[in-house]
**Student:** 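Right, I'll just put the structure down here and ask away after.
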Amino acid sequence: IKFAVQQCVKHGIHATCSIMTGIPTETAEEREETFSLIEELAKHGEKVDILGPQIYRPYPGGLLYEKIKKFGYKLPETFEGWISYYEESPLVDVFETDSHYPWLSEKENKFLPFVWVVAHYGLNYGNSKNLIKKMIGWWMSWHWKLRWFDSLDVKLFMFIRKKFLKSDLE
């Protein structure tokens, strides 16, 4: 991953790094390794966008699919059910903060939905030429450095973001 991103940046190619967390077998140490990787990739500058980390979403046939079912997580049983499952599910929306994943602890369910927000705005917006984006980036980057994801100010930011902005900040 590191080498691929380095090569993209070296050759002027924009790299978008989509990253997952909240995987059923993931430990706190592994999650921190993922966060460290995200930081390292983001340091390559404006040619790198961090997309995530998003909470793991199960798909049939995936290695963890059977483990998810053991947690009592309800998944479609037919192909037709899967057609609209993620379109109608809050799991598809990275801005959804009220989801409950039975394989995560109560604490993880509380803060992991906000990790995407802090990473996206804190690591991607810092290089912006737009003053508002730059200020949001600075603010969220402190949250990222402190691993402080579900604070009141981040929740307020998310409320405002979901209520008033239908697309990314221009």
Side-chain angles (χ1 to χ4, degrees), residues 1-5 8 14-42 48-125 140 143-144 146-169:
I1 294 169
K2 294 175 190 179
F3 180 74
V5 169
C8 285
H14 197 95
T16 299
C17 304
S18 183
I19 299 161
M20 281 191 296
T21 193
I23 298 167
T25 60
E26 180 182 58
T27 65
E29 292 80 21
E30 289 169 331
R31 184 175 303 120
E32 186 54 41
E33 286 177 19
T34 300
F35 292 173
S36 294
L37 173 63
I38 290 169
E39 286 175 348
E40 191 173 334
L41 297 174
V48 178
D49 279 331
I50 303 299
L51 190 62
Q54 298 178 47
I55 297 177
Y56 166 77
R57 293 185 295 255
Y59 287 95
L63 295 173
L64 297 172
Y65 183 74
E66 294 304 317
K67 287 186 186 230
I68 296 299
K69 288 177 17 183
K70 291 177 185 174
F71 284 100
Y73 195 66
K74 300 294 180 205
L75 296 164
E77 296 182 16
T78 65
F79 179 72
E80 290 77 20
W82 279 100
I83 291 173
S84 61
Y85 180 67
Y86 283 118
E87 289 176 7
E88 296 171 3
S89 169
L91 297 179
V92 78
D93 186 355
V94 295
F95 296 114
E96 179 57 52
T97 56
D98 296 327
S99 300
H100 179 76
Y101 303 88
W103 58 89
L104 298 176
S105 71
E106 186 177 324
K107 181 181 176 185
E108 291 168 326
N109 268 299
K110 188 175 176 183
F111 82 85
L112 279 178
F114 294 97
V115 173
W116 185 93
V117 175
V118 172
H120 175 74
Y121 292 107
L123 301 175
N124 293 329
Y125 274 30
M140 290 291 185
H143 280 274
W144 178 261
L146 297 171
R147 304 292 193 257
W148 191 27
F149 301 116
D150 65 336
S151 65
L152 187 57
D153 60 330
V154 172
K155 290 177 181 179
L156 177 62
F157 177 79
M158 282 304 297
F159 172 79
I160 292 168
R161 171 67 175 84
K162 287 195 282 188
K163 188 83 170 164
F164 299 108
L165 301 170
K166 301 297 180 208
S167 65
D168 206 7
L169 300 172

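Keep in mind that the numbers below use all heavy atoms, side chains included, and drop hydrogens, waters and symmetry copies. In this text, all values refer to a predicted model and were calculated from it rather than measured experimentally.
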**Student:** Quick check: do L64 and P58 have side-chain heavy atoms less than 4.5 Å from each other?
**Tutor:** no

**Student:** Tell me whether L63 at atom CG has more than 12 heavy atoms from other residues, nucleotides or ligands lying less than 6.0 Å away.
**Tutor:** no

**Student:** Evaluate the side-chain proximity of T34 to M20: yes if any heavy-atom separation is below 4.5 Å, no if none is.
**Tutor:** no

**Student:** Looking at CD1 of I55 and CD1 of I23, how far apart are the two atoms once the value is rounded to the nearest 0.5 Å?
**Tutor:** 11.0 Å

**Student:** For N124 and I50, indicate whether the former's side chain and the latter's backbone hold a donor-acceptor pair under 3.5 Å.
**Tutor:** yes

**Student:** Is the CD atom of E106 crowded by more than 12 outside heavy atoms at less than 6.0 Å?
**Tutor:** no

**Student:** Taking atom CZ as the centre, does F159 end up with more than 12 heavy-atom neighbours from other residues, nucleotides or ligands that are less than 6.0 angstrom away?
**Tutor:** no

**Student:** Could you tell me if the side chain of V117 sits less than 4.5 Å from the side chain of R161, heavy atoms only?
**Tutor:** no

**Student:** What's the shortest heavy-atom distance between A15 and C8, and which atoms?
**Tutor:** CB-CB, 4.1 Å

**Student:** Can you name the closest pair of heavy atoms from P102 and Y73 and give their distance?
**Tutor:** CD-CD1, 3.4 Å

**Student:** Tell me, do V115 and V118 make a side-chain contact under 4.5 Å, heavy atoms counted?
**Tutor:** no

**Student:** For the atom pair CZ (R57) and CD1 (I68), what is the distance rounded to the nearest 0.5 Å?
**Tutor:** 12.5 Å

**Student:** Test your reading of the model: is there a side-chain donor-acceptor pair from H143 to the backbone of F149, 3.5 Å cut-off?
**Tutor:** no

**Student:** Count the heavy atoms of every other residue, nucleotide or ligand shown that sit under 6.0 Å from CD1 of I1, and state whether that count exceeds 12.
**Tutor:** no

**Student:** Could you measure the distance from the CH2 atom of W82 to the CD atom of E77? Nearest 0.5 Å is fine.
**Tutor:** 11.0 Å

**Student:** Within the distance-only criterion (no hydrogens, no angle test), does the side chain of E40 pair as donor or acceptor with the backbone N or O of S36 below 3.5 angstrom?
**Tutor:** no

**Student:** Rounded to the nearest 0.5 Å, what separation is found between the OG1 atom of T27 and the CD atom of E33?
**Tutor:** 7.0 Å

**Student:** Hey, can you tell me if Y56 and W103 have their rings parallel, tilted or perpendicular (30° and 60° cut-offs)?
**Tutor:** perpendicular

**Student:** Can you give me the closest heavy-atom contact between P76 and Y65, atom names plus distance?
**Tutor:** O-OH, 3.9 Å

**Student:** Could you check if a side-chain atom of F114 sits within less than 4.5 angstrom of a side-chain atom of S151, using non-hydrogen atoms only?
**Tutor:** no

**Student:** With a 4.0 Å cut-off, would you call R147 and E39 a salt bridge?
**Tutor:** yes

**Student:** Nearest 0.5 Å please: distance from the CG atom of D49 over to the OH atom of Y125.
**Tutor:** 10.0 Å

**Student:** So how far is it from I19 CD1 to L51 CG, rounded to the nearest 0.5 Å?
**Tutor:** 8.5 Å

**Student:** Looking only at non-hydrogen atoms, find the nearest pair between F71 and P24 and report the distance.
**Tutor:** CE1-CB, 4.3 Å

**Student:** Compare all side-chain heavy atoms of Y101 with those of L112 and state whether any distance is below 4.5 angstrom.
**Tutor:** no

**Student:** Using the side chain to side chain contact (heavy atoms under 4.5 Å, CB included) rule, take W116 and T21 through it: C-alpha gap first, then chi angles, then the decisive distance, then the call.
**Tutor:** CA-CA 9 Å; W116 185 93; T21 193; over 6 Å; no

**Student:** Answer with yes or no after comparing the ring centroid distance for Y121 and W144 against a 6.0 Å cut-off, counting only values under it.
**Tutor:** no

